[in-house]
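For reference, the structure is listed below as C-alpha cells.
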Amino acid sequence: MLQTNFIKENKVLVIERLKKRNIDATPIVENIIQLDDDRKKTQQTLDSLLSESNQLAKKIGDLFKAGKAEEANALKAQTTELKEKSNTLKEQQNNITDQLNQLLYQLPNIPNELVPNGKTDSDNELIFENNKKVELAQSNKKPHWELAKTFDLIDFELGVKITGAGFPIYKGKGAKLQRALINFFLNEADKNGYQEIIPPLMVNEASGYGTGQLPDKEGQMYYVTEDDLYLIPTAEVPITNIYRDVILKEEDFPIKNAGYTPCFRREAGSYGKDVRGLNRLHQFDKVEIVQIQHPEKSYETLETMVEQIKQLLNQLDLPYRVVRLCGGDLGFTSAMTYDFEVYSAAQEKWLEVSSVSNFEAFQANRLKCRYKDKDGKTNLVHTLNGSALALPRIMAALIENNQTENGIKIPEVLVPFTGFNIIN
RNA sequence: GGAGAAAUGGCAGAGCGGUCGAAUGCGGCAGUCUUGAAAACUGUUGUACCGCAAGGUACCGGGGGUUCGAAUCCCUCUUUCUCCGCCA
C-alpha cells in the first residue's frame with residue numbers, strides 16, 4: 001500500500017497517475033488525508049491524557065510509600081475520569097486507523113510515468129519483438145492438446161478424474177520435458193546470481209497481506225479452512241515474505257532469490273477457449289525470480305530482469321515479444337510491468353509466459369521491509385519479481401512450434417536435461 | 001494426539017506490581033592509543049507514532065482482563081523446547 005505521508009505530499013501526482021488506471025482517486029485521497037489529520041489530533045489528546053495518568057499513578061505510588069494512604073486514595077478518584085476519557089479516545093483512534101487502513105488497502109499502486117494510458121491489453125506498448133514467428137505447414141499445425149494426446153505427454157481427462165479440470169497429469173516424456181524446463185530455468189537463475197529457495201506451498205494470512213494477495217484477491221487463492229492457510233498462487237508470496245518485518249543494511253542490496261514451486265489458482269470466472277489445454281490451469285509450475293533492491297536502483301534492476309528472461313527465450317529459440325502493460329492492464333500492486341508473450345504458430349496467438357514487475361515501495365510498506373541508510377534512517381525497500389518462467393505455455397509453444405513430420409524436436413539447450421532430442 | 005516447561009532488545013541473559021524502555025555480557029558503530037592491526041580504554045547502539053522543538057506516547061510472543069499503576073498477577077491464542085505415543 002501507499003504511504004500516507006507520500007499521498008499527502010504528492011496529492012496531485014497520485015491522483016494524476018492513478019488516472020492511468022482509469023480511476024478517479026480524488027475522493028478516496030481526500031478522505032485519507034482527512035482521516036490522517038483526525039488521527040494525529042486524536043493521538044495528541046490521547047497521549048497527553050495518558051501522560052497525565054502516568055504521572056498521577058506515579059504520584060499515588062510515592063504517597064503510598066511515604067505512608068500517606070489517605071492522600072493517595074483521594075487521588076485515585078481522579079484517575080477514574082482520566083481512564084474513561086482515554087478509553088473512549090482509544091476506541092476512536094482505533095476506529096480512525098481501521099478506516100484509514102481500509103482506504104489505503106483499496107488504493108492501488110501508482111503507475112510509473114512510462115506506463116501508457118489504456119484500458120485493455122490491446123493498449124499495451126510493444127517494447128521488443130524478436131521476429132522469429134514460424135509458419136507451420138497445414139499438416140503440422142496441431143494445437144498442443146492434440147499433440148499431447150498423440151504422443152501421450154499430458155493427460156487432461158485423467159487429471160479431471162483424480163482432481164478436476166485444470167489439474168493435468170504429465171506423463172513419460174511430457175513429465176521429463178517438464179522437469180527439464182524446471183532444471184534449465186533454475187540453472188539459469190543460479191548463473192545469474194540468484195539464491196535458490198524451496199519455500200512452503202502454503203502461507204498464512206499475514207503473508208497474503210504482505211505481498212498484496214489479500215485482502216482484495218481472496219477469491220483467487222485456494223484456502224484451507226481447517227488450518228487457516230492459503231495455497232500459494234506464486235512463489236512470489238513465500239519468497240518475498242521472507243523479508244517481512246525485516247530491517248536490512250544498505251550493503252545487503254541486491255537480494256536475489258529464485259524458487260521453483262507449483263502455483264495454485266482458482267481462476268474463478270475463466271471460461272471458453274482461453275482455458276483449453278495448458279492455456280489456463282489451476283495448478284502449474286513456475287520458476288520465479290525475486291529481488292529486493294535499493295529504491296534508486298530498482299528500475300535498473302527491472303531492466304536486467306527483463307534481459308535475463310529474454311535470454312531464456314532466446315536459448316529456447318521461441319518467437320516472443322515484450323510489452324509494457326498499460327494502466328488498465330497493470331496489476332494492483334505494480335508500478336510497472338513487462339509481459340513476455342511467446343507466439344504459438346499452431347494456435348496462431350500470443351501466449352503470456354512471464355510478467356516482470358517493479359512494485360517500488362508498495363509491497364515493502366505492507367511487508368514492513370526497510371533498510372537503514374548511511375545516516376541511520378530507515379526507509380522502505382523496493383521489491384521486484386518476475387516469472388522465469390511459467391511452464392505450461394512454454395511447454396505448449398515448444399511442442400506446437402517444433403512439431404515436424406518426424407515428431408517434436410527438443411531445443412538443443414534442453415537436451416542435456418531431457419536426455420532425448422525428439423518426441424515421436 | 002497426551003503430559004510438562006518456556007517466550008524479554010542483533011544475540012545471550014537478569015528482572016520483589018511503582019525507582020524498567022528494561023541490569024549485565026557479547027556483537028555493531030564512533031573515538032583514544034598505534035606506522036597499521038589486535039588488545040585495552042571511552043562513548044554510543046531497538047521500533048513506531050505525535051510534536052518546530054523540548055519532550056511525550058505505545059511496544060518485553062499475539063489478544064483480552066485485574067489494578068491508581070503490569071515485563072512482573074489472571075484468562076486465552078500462537079510458537080518453541082523436553083518426555084510419551086504415532087509416523088514419511
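Here is the naming used below: chain letters follow the sequence lines, and residue numbers restart at 1 for every chain. Because the structure is a prediction, the values reported are computed rather than measured.
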What heavy-atom pair brings A:N241 and A:S207 nearest, and what distance separates the two atoms? ND2-O, 2.8 Å
Distance check, P atoms only: B:G17 and B:G13, in whole angstrom units. 23 Å
Heavy atoms from C-beta onward define the side chain here; which of B:U47, B:G56, B:C68 lies closest to that of A:T79? B:C68
Euclidean distance, atom NZ of residue A:K40 to atom C1' of B:U57 [Å, nearest integer]: 15 Å
From CG of A:D227 across to P of B:C77 the rounded distance in Å is 16 Å
In whole Å, what separates the P atom of B:A48 from that of B:U32? 31 Å
Between A:K19 and A:E16, does at least one N-O distance fall below 4.0 Å, as a salt bridge requires? yes
Closest-nucleotide ordering on RNA chain B, the 5'-leading residue of A:Q43 and A:D62: A:D62
Using a cut-off of 4.0 Å on non-hydrogen atoms, how would the nucleic acid contact of A:N54 be classed: base, sugar-phosphate, or nothing? sugar-phosphate
Rounded to whole angstrom, note down the C1' distance from B:C83 over to B:U72. 29 Å
Distance, rounded to the nearest Å, where A:K8 contributes NZ and B:C50 contributes P: 8 Å
In whole Å, measure the gap between the P atoms of B:C73 and B:C60 for me. 14 Å
What is the minimum heavy-atom distance between A:K142 and A:E400, and which atoms define it? O-CG, 3.8 Å
Tell me whether A:D98 contacts the main-chain N or O of A:N95 through its side chain, where contact means a donor paired with an acceptor under 3.5 Å. no
Atom-to-atom span, CG of A:D47 to C1' of B:G56 - whole angstrom: 6 Å
Distance-only, no hydrogens or angles: does the A:R21 side chain make a donor-acceptor pair with backbone N or O of A:N109 under 3.5 Å? yes
May I ask you to say what A:I60 touches in the nucleic acid, namely base, sugar-phosphate or nothing, with a heavy-atom cut-off under 4.0 Å? base
Specify the separation, in whole Å, of atom NZ of A:K59 and atom P of B:U67. 22 Å
Need one value for A:Q44: base, sugar-phosphate or nothing, where a base atom within 4.0 Å counts as base even if backbone is also close, heavy atoms only. sugar-phosphate
For A:T378, which contact category applies under a 4.0 Å heavy-atom criterion: base, sugar-phosphate, or nothing? sugar-phosphate
If pairing requires Watson-Crick or G-U wobble contacts with both distances under 3.5 Å, which nucleotide is the partner of B:U72? none
Which base sits across from B:G17 as a Watson-Crick or G-U pair, both distances under 3.5 Å? none
Interatomic distance at P, B:A70 relative to B:U57, whole Å: 13 Å
If we call it a pair only when both distances are under 3.5 Å in a Watson-Crick or G-U wobble match, what pairs with B:C81? B:G4
When you compare B:A58 with B:A22, how far apart are their P atoms, in angstrom units rounded to a whole number? 13 Å
When every non-hydrogen atom of A:M395 is compared with those of A:G174, the smallest separation belongs to CE-O, 3.4 Å
Under a 3.5 Å cut-off for both contacts, is B:A40 paired Watson-Crick or G-U wobble with anything, and if yes, with which nucleotide? B:U32
Interatomic distance where NZ belongs to A:K83 and P belongs to B:U57 [whole Å]: 17 Å
Return the nucleotide paired to B:U24: Watson-Crick means purine N1 to pyrimidine N3 with N6-O4 or O6-N4, wobble means G-U with N1-O2 and O6-N3, both under 3.5 Å. B:A12
Show the numbers, then the answer: is there a salt bridge (charged side-chain N to carboxylate O under 4.0 Å, His left out) between A:K286 and A:E288? CA-CA 6 Å; A:K286 179 161 64 66; A:E288 183 80 3; 2.6 Å; yes
What is the base-pairing partner of B:C52, counting Watson-Crick and G-U wobble geometry with both distances under 3.5 Å? none
When you compare B:C20 with B:G27, how far apart are their C1' atoms, in angstrom units rounded to a whole number? 23 Å
Answer for the Watson-Crick or wobble partner of B:U67, both distances under 3.5 Å, is none
Suppose you measure atom P in B:C77 against the same atom in B:G1; what distance do you get, rounded to whole Å? 14 Å
Among the nucleotides B:C50, B:G18, B:G56, which one has an atom lying closest to any side-chain atom of A:R39? B:C50
Specify the separation, in whole Å, of atom CD of A:Q92 and atom C1' of B:U57. 17 Å
The residue, A:E52 or A:R370, whose nearest nucleotide of RNA chain B is more 5′ is A:R370
Report the distance from atom NZ of A:K58 to atom P of B:G21, rounded to the nearest whole Å. 6 Å
Distance test, side-chain N/O of A:S48 to OP1/OP2 of B:G56, below 4.0 Å: no
